[in-house]
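Just so it is clear: chains get the letters A, B, ... in the order the sequence lines come, proteins before strands, and each one is counted from 1.
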There are 2 protein chains.
Amino acid sequence: MEQKRPGGRTLAGDAYERIRQQIRSGAFGPGERLRFADLQALCSMSVTPVREALTRLTAEGFTTLDDHRGYSVARLSLAELRDITAARQLCEGEAFRLSVLNGDAEWEGRVLASHHLLTRIPQARDDIPSAMREDWEERHAAFHAALISACGSPTLLEICRNLFRRADRYRRMSVSLDGAARDVAGEHRTLMDLALSRDAERAASALKEHYGRTAAALEIFFES
Amino acid sequence: MEQKRPGGRTLAGDAYERIRQQIRSGAFGPGERLRFADLQALCSMSVTPVREALTRLTAEGFTTLDDHRGYSVARLSLAELRDITAARQLCEGEAFRLSVLNGDAEWEGRVLASHHLLTRIPQARDDIPSAMREDWEERHAAFHAALISACGSPTLLEICRNLFRRADRYRRMSVSLDGAARDVAGEHRTLMDLALSRDAERAASALKEHYGRTAAALEIFFES
DNA sequence: GTCATAAGGATTTTCGAAAATCATTGACTC
DNA sequence: GAGTCAATGATTTTCGAAAATCCTTATGAC
């Protein structure tokens with residue numbers, strides 16, 4: 001029997017995407033135990049590909065493994081939020097700086113286009129339908145990826161991609177904030193403007209500050 | 001008290017260590033195809049734990065996966081050497097800087113002790129017995145780990161650990177160089193001295209230069 | 001009551017084989 | 001001869017169950 005698997009070429013790949021999405025969206029919450037029986041039912045497959053998915057997720061910091069005691073969703077903490085933010089400021093800051101220095105007209109086009117897409121739909125919030133919220137999340141990630149896409153370093157890009165995803169789990173907590181004190185759209189526009197004006201140092205600084213603000217806004221979730 | 005034995009509490013962990021060691025030592029060369037049948041024979045286990053090991057190794061950049069076409073040892077290239085070196089200079093440089101700023105007396109002790117161990121045996125070379133060579137490699141890694149161990153950022157440390165291991169594959173090519181033009185031991189001593197003198201900026205610069213020299217010495221292997 | 005220990009159930013980890021996919025070969029057409 | 005296509009063999013990927021391990025509960029001694 002031929003199975004249709006849009007997007008993935010192996011069941012393990014599908015399981016990886018699916019479980020990561022569940023964690024991303026909060027359907028699997030921080031610290032939650034992930035039992036193979038449940039995941040097999042969710043993904044409609046045997047234990048082997050599920051296991052491979054969890055191995056990958058663990059290597060990337062989304063889940064944790066206790067030998068012979070199973071997998072859990074990685075917990076969120078203020079300390080890790082600050083830690084990841086600092087690492088992002090270092091790595092993405094440098095990647096953005098290099099992008100501005102090295103980027104060609106095609107890169108400028110990608111920045112412009114991805115920013116345009118980002119402004120066409122309202123930012124993710126509680127009162128926005130879930131489908132459109134996911135749409136914004138995707139375009140947001142694409143915009144930030146575009147900014148650093150001309151840095152010329154696959155290694156740095158891979159590090160940044162992972163850090164972005166891990167930080168994304170934290171950022172999604174803020175959809176319940178109304179962000180009144182912050183003009184996120186304006187910050188994104190500033191980032192684009194600085195990129196296109198080719199001022200590498202100021203661009204990198206602005207990106208670092210952008211991430212710093214995001215992290216600061218999230219600290220209130222960890223008061224207890 | 002239960003202890004985690006290095007070497008692994010699961011077969012998958014054992015396979016991971018074993019295969020990584022084979023790649024590290026060159027027994028599995030760059031680009032070489034890794035067949036499950038061979039690895040199962042090598043590790044004396046079934047396909048499942050071997051597969052898990054390869055999944056982890058691939059996530060860390062030591063192997064590559066072509067869906068349905070199997071795993072191979074990641075190739076080495078001059079471009080990647082330069083790329084990894086730049087990423088190390090950024091990440092380890094910052095981690096070292098933070099360590100010098102934040103490190104306490106215990107950290108100083110770790111730096112001092114690990115450097116002492118490093119100087120007690122001759123540096124890895126072709127004319128040195130393999131066992132002692134491995135010993136030096138281990139102490140060398142421990143020294144560099146100690147330098148950055150007080151940076152306070154688990155995320156950054158994890159990134160550095162992975163970059164170090166990947167760069168290590170390149171550095172091991174140089175055991176056939178006699179390093180006449182370079183005083184590696186002296187550079188290590190300088191790093192220690194700068195760490196203990198608590199001059200963060202100069203220490204970070206020295207570490208970056210140290211990695212730059214290492215990479216430069218390896219470029220000759222990629223002339224073709 | 002507390003501690004230690006053992007039995008039972010739940011869960012992870014591993015196995016051996018089946019299914020799916022890829023690569024090669026060779027026949028056949030044009 | 002070049003190209004298409006089916007058959008074959010090699011290899012990866014997945015399955016379903018067995019084995020190993022952990023956790024909970026029950027039992028008994030002090």
Let me know the distance between [atom1] of [X] and [atom2] of [N], rounded to the nearest Å.
X	N	atom1	atom2	value
B/Asp66	D/dA10	CG	P	21 Å
A/Phe36	D/dA18	CZ	C1'	16 Å
A/Asp67	C/dT13	CG	P	7 Å
A/Gln40	C/dT12	CD	C1'	11 Å
B/Leu39	D/dT13	CG	P	13 Å
A/Glu52	C/dT13	CD	C1'	15 Å
A/Arg9	D/dT13	CZ	P	11 Å
A/Asp38	C/dA10	CG	P	14 Å

Mind checking whether B/Phe164 and B/His140 have parallel, tilted or perpendicular rings, split at 30° and 60°?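 Rings of B/Phe164 and B/His140: tilted, as their planes differ by 30° to 60°.
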As a test of reading the structure: which of [options] is closest to the side chain of [X], going by heavy atoms?
X	options	value
A/Val47	D/dG16, C/dT11, C/dG16	D/dG16
A/Arg35	D/dT13, C/dT11, C/dT14	C/dT11
B/Met45	D/dT13, C/dT13, C/dC15	C/dC15
B/Leu65	D/dT13, C/dT14, D/dT14	D/dT13

For B/Arg51 and C/dT13, is the shortest distance between a side-chain N/O and OP1 or OP2 below 4.0 Å?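 It does not, given that no N or O in the side chain of B/Arg51 lies less than 4.0 Å from OP1 or OP2 of C/dT13.
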Tell me whether the side-chain N/O atoms of A/Arg69 come closer than 4.0 Å to OP1 or OP2 in C/dA10. no
Specify the closest pair of heavy atoms between A/Phe36 and A/Leu54, including all atoms of both residues, with the distance to one decimal. CE2-CD1, 3.8 Å
For A/Leu118 against A/Arg139, the heavy-atom pair lying closest together: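 Residues A/Leu118 and A/Arg139, closest heavy atoms: CD1-C, 4.0 Å.
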Tell me yes or no: between the side chains of A/Thr63 and A/Thr58, is some donor less than 3.5 Å from an acceptor? yes
Considering every strand and a 4.0 Å limit on heavy-atom distances, what is the contact class for A/Leu34: base, sugar-phosphate, or nothing?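 Since only primed, P, OP1 and OP2 atoms lie under 4.0 Å of A/Leu34, the category is sugar-phosphate.
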DNA chain C: 5'-proximal contact among A/Thr48 and A/Gly70 (nearest heavy atom): A/Gly70
Which is more 5' along DNA chain D, the nucleotide nearest A/Ser46 or the one nearest A/His68? Just name the residue.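 By nearest-heavy-atom nucleotide position, the 5'-most residue is A/Ser46.
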Is the distance between the ring centroids of A/His210 and A/His144 under 6.0 Å? yes
Whether over 12 other heavy atoms sit under 6.0 Å from A/Glu138 CD: no
Which angle, to the nearest 10 degrees, lies between the helix axes at the two ends of the helix from C/dG1-D/dC30 to C/dC30-D/dG1, each defined by five pairs?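 Computed from the C1' atoms at both ends, the axes differ by 0°.
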Minimum side-chain heavy-atom gap A/Leu78-A/Glu223 below 4.5 Å: no
